[in-house]
Amino acid sequence: MLLLLAPLPDFLTGPLRERYTVHDYFHAEDKVKLISEVGASIRAIVMAGGTVLQPAMLDQLPALEIVSVNGVGYDGAPLDYLRGRGIRLTNTPDVLTDDVADIAVALVLMTSRRLTQANRLLHADRWNEGASTLTTKVGGKRAGIVGLGRIGKGIAQRLEAFGMTIGYTGRNAQPVPYAFHTSVTELAAWSDFLIVACPGGPGTKHLINADVLRALGANGTLINIARGSIVDEAALITALRDGVIKCAGLDVFENEPHVPAELRAMEHVTLLPHIGSATRETRGEMARLVLENLAAHFAGQQLVTPVI
Ligand code: NAP
């Protein structure tokens with residue numbers, strides 16, 4: 001009665017299989033056949049933050065009651081559709097905040113201090129080239145955060161400790177000791193590092209476009225740990241190629257797991273395979289929340305971390 005829509009760790013799928021009848025849609029060779037055989041009995045879906053749920057598929061699951069996202073971002077879930085059918089939605093907020101903020105800081109340091117390039121040079125036994133390259137100090141620089149939520153605040157706290165000045169933008173100003181900028185373009189023009197930490201989905205698609213990158217400028221660095229859809233990847237590639245911005249650090253991409261060849265070929269881009277929350281500790285906590293939400297739902301109790 002439960003459908004798995006993503007490759008998930010054994011410490012989550014193990015307990016799920018002990019408690020429920022689990023059908024693995026992600027690994028099924030014939031997905032159409034699987035849905036035609038078991039669709040009517042499915043009461044729950046477990047998916048990852050990057051999974052996109054299609055209403056046409058959900059139409060074939062008439063008994064569906066709950067969708068549990070193993071991640072905080074739920075931009076792949078059709079909220080209006082789920083609301084219309086009274087289907088509950090849960091995610092895993094807070095427990096991953098520290099790890100994702102850490103990865104944002106890592107990308108700031110990797111890009112500013114050219115750590116990936118230095119590491120590559122030493123692996124190639126080219127000490128002198130690595131040691132003689134001067135890089136950029138982060139202390140005293142400006143970090144502009146797009147989306148000052150749980151993760152954005154974690155990034156701000158960490159970068160303040162590095163001596164950086166913090167600014168932010170969002171739909172609303174907040175009671176925080178950081179300067180609010182009314183638009184992402186204005187924030188980009190102010191920033192040395194523009195750090196994307198807002199949700200994905202239609203409301204933020206290509207929020208970071210060619211104009212924003214032009215405003216960030218030739219000494220500016222773009223960091224994205226949020227969602228690939230927020231950055232116009234084609235515009236980013238052009239901006240990096242033409243020196244419109246200085247460099248970029250990316251944990252997320254528009255069409256994962258595809259990373260454009262142009263980005264892979266660029267020496268001044270640091271690329272990570274969407275590993276923001278990928279520690280044993282945090283993935284364990286995320287799995288716990290998925291299991292607790294499902295258990296609460298089927299026991300008729302309040303959900304632990306409901307979205308809707
Ligand atoms: P959150 O607490 O909900 O924070 C999101 C922030 O974005 C809020 O402060 C919100 O402020 C702002 N925001 C919303 N719409 C915006 C817009 N159109 N323009 C600018 N800001 C906007 O979420 P979170 O827990 O920090 O997570 C943020 C995102 O990180 C998730 O949605 C997910 O996609 C991503 N993430 C990535 C990884 C990874 O592995 N790389 C892991 C976890 C999460 P306002 O309401 O004032 O606009």
Side-chain angles (χ1 to χ4, degrees), residues 6-9 47-52 69-77 79 89-108 110 144-158 166-176 178-188 191 194-209 212 222-232 248-254 256-257 259 270-283 285-287 289-290 305-308:
L8 296 165
M47 63 185 232
T51 313
V52 177
V69 180
N70 185 45
V72 70
Y74 48 85
D75 44 297
L79 291 191
L89 177 68
T90 64
N91 65 347
T92 64
D94 298 312
V95 294
L96 45 64
T97 298
D98 284 344
D99 278 352
V100 185
D102 289 350
I103 286 293
V105 174
L107 284 170
V108 167
M110 287 166 89
I145 298 176
V146 181
L148 195 72
R150 291 169 288 237
I151 294 170
K153 289 191 178 78
I155 297 168
Q157 285 163 5
R158 284 161 174 74
I166 310 297
Y168 73 102
T169 190
R171 292 167 303 183
N172 309 294
Q174 302 183 44
V176 291
Y178 312 128
F180 176 67
H181 295 255
T182 50
S183 77
V184 69
T185 311
E186 189 192 306
L187 181 71
S191 300
L194 187 68
I195 304 172
V196 185
C198 63
T204 57
K205 187 168 167 63
H206 291 186
L207 185 66
I208 309 298
N209 57 23
V212 173
L222 179 76
I223 305 291
N224 187 7
I225 52 77
R227 278 286 183 270
S229 61
I230 304 164
V231 176
D232 180 341
L250 310 170
D251 185 43
V252 288
F253 303 87
E254 266 202 276
E256 294 175 10
V259 179
T270 298
L271 307 168
L272 300 177
H274 201 148
I275 53 167
S277 67
T279 65
R280 272 189 297 278
E281 293 86 345
T282 291
R283 290 285 166 89
E285 284 297 288
M286 291 162 65
L289 280 177
V290 168
T305 47
V307 178
I308 56 175

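Counting starts at 1 for both ligands and their atoms, following the listed order.
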Which heavy atom of Ala226 sits nearest to which heavy atom of Asn224, and what is that distance? N-OD1, 2.9 Å
From Leu96 CG over to Arg283 CZ, what is the distance, rounded to the nearest 0.5 angstrom? 8.5 Å
Please round to the nearest 0.5 Å and tell me the distance separating atom CD1 of Ile223 and atom CG of Leu107. 5.0 Å
Sequence neighbours left out, what passes salt bridge (charged side-chain N to carboxylate O under 4.0 Å, His left out) with Glu285? Give chain and number order. Arg288
Once salt bridge (charged side-chain N to carboxylate O under 4.0 Å, His left out) is applied, do any residues pair with Asp98, and if so which ones, sequence neighbours excluded? Arg158
Contact residues of ligand 1 with a heavy-atom cut-off of under 4.0 Å? Val72, Gly73, Leu96, Val100, Gly147, Leu148, Gly149, Arg150, Ile151, Gly170, Arg171, Asn172, Gln174, Ala197, Cys198, Pro199, Thr204, Leu207, Ile225, Ala226, Arg227, Asp251, Val252, His274, Gly276, Ser277
Residues at least two apart in sequence or cross-chain that pass ring pair (Phe, Tyr, Trp, His ring centres under 6.0 Å) with Tyr74, listed by chain then number, are none
